[in-house]
> 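Sharing a structure here in structure tokens format.
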Amino acid sequence: MTLDDIDFAQLYRQHLSQSQRQPKAPADWDRRAPRMGRKSLGGPYADTFVERMQLAGSRSVLDVGCGPGTIALLLAPHMHRVVGLDYSPGMLEQLMVNARRLGLSNVTPLECAWEDDWSEVPVCDIAVASRSGMVPDLAEALIKLNAHARHKVYMTQLVGGHFMDPELIVALGRQPRSFPDHLYTLGLLHTQGIHAELSYIEMPSRLAGASDFDEFAQRVSWSLGELDDEERARLHHWYSTDSERAARGGAPMRWALVSWTPPSPS
Ligand SMILES: C[S@@+](CC[C@H](N)C(=O)[O-])C[C@H]1O[C@@H](n2cnc3c(N)ncnc32)[C@H](O)[C@@H]1O
């Protein structure tokens, strides 16, 4: 068997199904939107993402799963047009609140899902998918990104597929199951003769800096689903035995930034 014999699309779907990911609906993201929208724009993740992009010669951006505009709004001052695509109306509302606050008039919200028909989605010079690529069908998502970008595609995915420290998950008595990560993207692109570029962005854990145990437990439940009493007690033990580790939220997160030139339409 060689690399060429691997069906990365199928392997990705298999891995995602084994990960037992709690599916998220637009309403789940709507509930998070006001808090995410209030965060100030920029910061180490977004600034690094944008610094690594090649913007020269590009005038338009499609940001898929744009959220409150984390990347889209940093790019807007350099672009003629920015389209923020998201399936959460709450996120799109935050995108536009932030755009108005910044005096940006070139940002358009587009309520649409990865899984929808994209025939009405505009083709832009650059397509971005920042931390929004956990899709049921990765091969299909890459086809859509390639068809909607003229110059470049930029995508970040979690390295190793763990949103939180696997040791913490073990401490809860659960089996840590990874989500599929950027290696499937690299594999799928490789089979199409696309040689992607890869770099990493390291960030503190999403559990870092919780103000108290309740907030910490809430953040854990966002990824792992409801915790039963026993698990909550175990989490409390993990949280209270090492305050420095609790403040860090365990191991940091690493994002893989994969970028490539889409094939020209035939
Ligand atoms: C983790 S947030 C990332 C937001 C922003 N791109 C960032 O990097 O901060 C994921 C975003 O993807 C959106 N999203 C999740 N699944 C989606 C889907 N199937 N179709 C469209 N948007 C989706 C969510 O509503 C949310 O805004």
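It should be emphasised that the depicted structure is a prediction, and the values quoted were computed from it without experimental measurement. First listed ligand is number 1; within each ligand, the first listed atom is number 1.
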> Heavy atoms only: give me the nearest Lys152-Ala149 pair and the separation to one decimal.
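Closest heavy-atom pair between Lys152 and Ala149: O-CB, 3.6 Å.
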> Tell me whether Asp47 is salt-bridged to Arg52, with the criterion being a basic N under 4.0 Å from an acidic carboxylate O.
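So Asp47 does not pair with Arg52 through a salt bridge.
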> Would you please name every residue forming a side-chain hydrogen bond (donor to acceptor under 3.5 Å, both in side chains) with Asp242, sequence neighbours left out?
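Not a single residue meets the side-chain hydrogen bond (donor to acceptor under 3.5 Å, both in side chains) criterion with Asp242.
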> What does the list of residues with a heavy atom under 4.0 Å from ligand 1 look like, ordered by chain and number?
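Under the 4.0 Å cut-off, ligand 1 touches Trp29, Gly65, Cys66, Gly67, Thr70, Asp86, Tyr87, Ser88, Met91, Cys112, Ala113, Trp114, Glu115, Ser130, Arg131, Ser132.
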> Charged N to carboxylate O under 4.0 angstrom, Arg13 versus Glu140?
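Looking at Arg13 and Glu140, the cut-off is not met.
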> Looking at Leu189 and Ala196, what are the two nearest heavy atoms and their distance?
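Of all heavy-atom pairs spanning Leu189 and Ala196, the closest is CD1-CB, 3.9 Å.
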> Tell me if the centroids of the rings in Trp260 and His195 come within less than 6.0 Å of each other.
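When the ring centroids of Trp260 and His195 are compared, they turn out to be at least 6.0 Å apart.
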